[in-house]
Amino acid sequence: MAFSFLVLLLFLSGISSSESKLNVNYYQKSCPNFERIMQDAITSKQINSPTTAAGTLRLFVHDCMVDGCDASVLISSNAFNTAERDADINLSLPGDAFDLIVRAKTSLELTCPGIVSCADILALATRDLVTMVGGPYYDVQLGRKDGLVSQASRVEGNLPRANMTMDQLIAIFAAKGFTIQEMVALSGGHTIGFSHCKEFSNRIFNYSSTSDIDPAFHPKFAQALRNVCANYQRDTAMSAFNDVMTPNKFDNMYYQNLPRGLGLLSSDNVLVTDPRTKPFVELYATNQKAFFNDFAHAMEKLSVRGIKTGRKGEVRRRCDAFNHIKT
């Protein structure tokens, strides 16, 4: 009996979640200046490039939704491998976000070489930047290792696209363990940042045989977007704010905009037209505290998705390259 009980304990310990190996004070002894170094890098970058917060949040989500939060999106392609960041949907990820992670990693390597993972840097930078621009604070568990795989072929079907139907969007998030309400809360990240014109051009040019513009748009907003994006095919950098009212402030204005015809992407607009998501849009539009609470909980959940610990990962010396070339 005692032997059977011991076997059971060993079995249970073997299947315990890797999340249990993480904690908020993971670097307290091994790199005591970790948070100060991070704050210095984050503050300097955000002051000089105000779109860094939105860009880093997007980078983090794109990382975590594909094979977990393991900094695989930071890896550069080489002659042997086309990495995640070169997948079509990731080509528009902002350079400022990558630059922030490189700066933070460089500073940390000078003080605590080989200690802090790129995955933890990205996770903490995202939380601190969201808070810096007015969003909610949430705990970030630390102790992730950096992933050992980054392949562009693994990206498609794991990230939401602007032209997806609600069924497709729900399916993507459900496959990763998120409820419809959590999906709507995470969508509130669009309260900061911008989207390139190609992501919504189908809504403002030649929308249908009867209308050039998606009738769900506010007419004046649609015309303004047409003016901004008039040359988007030649100038692919042309873009518009996701939240036209308070683009640099993390608040609940994104949800208030949707019923007014000010949702930029098709995937934004469908949130207020589908009966499965509309009640949550209405809740968050009138109750910013509820949005902040739900966004924080959803981000905590996302931030530990698919994490690597122990020998399942490494602490990279450089965030854009594995410690050993993968062939």
Side-chain angles (χ1 to χ4, degrees), residues 35 38-65 69 92-101 104 121-141 160 162 173 178 181-196 199 221 239-260 262-265 267-269 271-272 277 280-303:
E35 292 191 10
M38 286 293 298
Q39 271 298 319
D40 288 347
I42 290 166
T43 302
S44 174
K45 184 64 181 180
Q46 178 65 17
I47 289 174
N48 289 302
S49 302
T51 60
T52 300
T56 304
L57 174 58
R58 184 170 176 234
L59 183 65
F60 178 69
V61 172
H62 279 229
D63 181 46
C64 293
M65 293 288 280
C69 305
S92 61
L93 289 172
D96 281 330
F98 287 101
D99 181 61
L100 167 62
I101 305 307
I121 292 172
L122 179 55
L124 191 72
T126 300
R127 191 278 309 279
D128 286 355
L129 282 163
V130 164
T131 305
M132 192 176 295
V133 295
Y137 178 93
Y138 55 91
D139 285 335
V140 174
Q141 303 293 323
F173 282 90
F178 291 95
Q181 183 165 6
E182 288 169 336
M183 179 189 75
V184 178
L186 288 171
S187 297
H190 282 181
T191 188
I192 53 176
F194 58 87
S195 294
H196 291 92
E199 299 295 334
F221 183 47
S239 57
F241 288 120
N242 293 322
D243 172 2
V244 69
M245 304 302 288
T246 57
N248 295 314
K249 181 181 180 183
F250 199 102
D251 54 20
N252 68 335
M253 186 59 70
Y254 165 79
Y255 299 104
Q256 296 179 43
N257 288 339
L258 296 181
R260 299 170 181 168
L262 301 178
L264 189 62
L265 307 175
S267 55
D268 294 325
N269 182 65
L271 293 177
V272 77
T277 52
F280 302 122
V281 171
E282 293 173 339
L283 169 65
Y284 297 150
T286 57
N287 190 334
Q288 181 167 283
K289 183 178 180 181
F291 164 48
F292 276 20
N293 286 340
D294 290 351
F295 179 84
H297 288 311
M299 286 296 287
E300 287 180 353
K301 181 175 177 177
L302 177 63
S303 70

Exercise: identify the closest heavy-atom pair between S49 and D96: CB-OD2, 3.6 Å
Give, for atom OG1 of T51 and atom NZ of K45, the distance between the pair rounded to the nearest 0.5 Å. 8.0 Å
Would you mind reporting whether L57 and M299 have side-chain heavy atoms less than 4.5 Å apart? yes
Gap separating the CD1 atom of I101 from the CG atom of L59, nearest 0.5 angstrom: 6.5 Å
How close do P136 and F250 get, heavy atom to heavy atom, and via which atoms? CD-CE2, 3.8 Å
Are the side chains of L100 and L129 in touch, meaning some heavy atoms are under 4.5 Å apart? yes
Can you give me the closest heavy-atom contact between A290 and N287, atom names plus distance? N-OD1, 2.9 Å
Side chain to side chain, M65 and L302, heavy atoms closer than 4.5 Å: yes
For F178 versus A298, what's the shortest heavy-atom pair and its separation? CE2-O, 3.9 Å
Distance check, rounded to the nearest 0.5 Å: F60 atom CZ versus I121 atom CD1? 13.0 Å
With heavy-atom distances below 4.5 Å as the criterion, would you say the side chains of L271 and S187 are in contact? yes
Quick check for you: to the nearest 0.5 Å, what is the distance between N257 atom CG and N269 atom CG? 12.0 Å
Test side chain to side chain donor-acceptor pair (under 3.5 Å) applied to S195 and R58, step by step: CA-CA 11 Å; S195 294; R58 184 170 176 234; over 6 Å; no
N242 side chain to T191 main-chain N or O, any donor-acceptor pair under 3.5 Å? no
Between T286 (side chain only) and L283 (backbone N and O only), is there a donor and an acceptor less than 3.5 Å apart? yes
Hey, do the aromatic rings of Y138 and F292 have their centres closer than 6.0 Å? no
About how many Å separate CG of D294 and CD of E182, when rounded to the nearest 0.5 Å? 8.5 Å
May I have the step-by-step check of side chain to side chain contact (heavy atoms under 4.5 Å, CB included) for T277 and M183, ending in yes or no? CA-CA 9 Å; T277 52; M183 179 189 75; 3.9 Å; yes
For residues S239 and H196, report the shortest heavy-atom separation together with the two atoms involved. CB-CA, 3.8 Å
Please check if the side chain of N252 supplies one atom and the backbone of Y284 the other of a donor-acceptor pair under 3.5 Å. yes
I'd like to know whether the aromatic ring centres of F291 and Y254 sit less than 6.0 Å apart in this structure. no
Can you confirm whether H190 sits close enough to L264 that some side-chain heavy atom of one is under 4.5 Å from a side-chain heavy atom of the other? no
Does any N or O in the side chain of Q288 come within less than 3.5 Å of the main-chain N or O of D251, such that one atom is a donor and the other an acceptor? no
Heavy-atom side-chain contact between V140 and D128 under 4.5 Å: no
For S44, the option from N48, I47, D40 that meets side-chain contact (heavy atoms from CB on, under 4.5 Å): N48
Looking at side-chain heavy atoms only, is the closest gap between T56 and Q46 below 4.5 Å? no
For T131, does its backbone N or O pair with a side-chain atom of Y137 as donor and acceptor, under 3.5 Å? no
OG of S303 to CG of D63: how many Å apart, nearest 0.5 Å? 11.5 Å
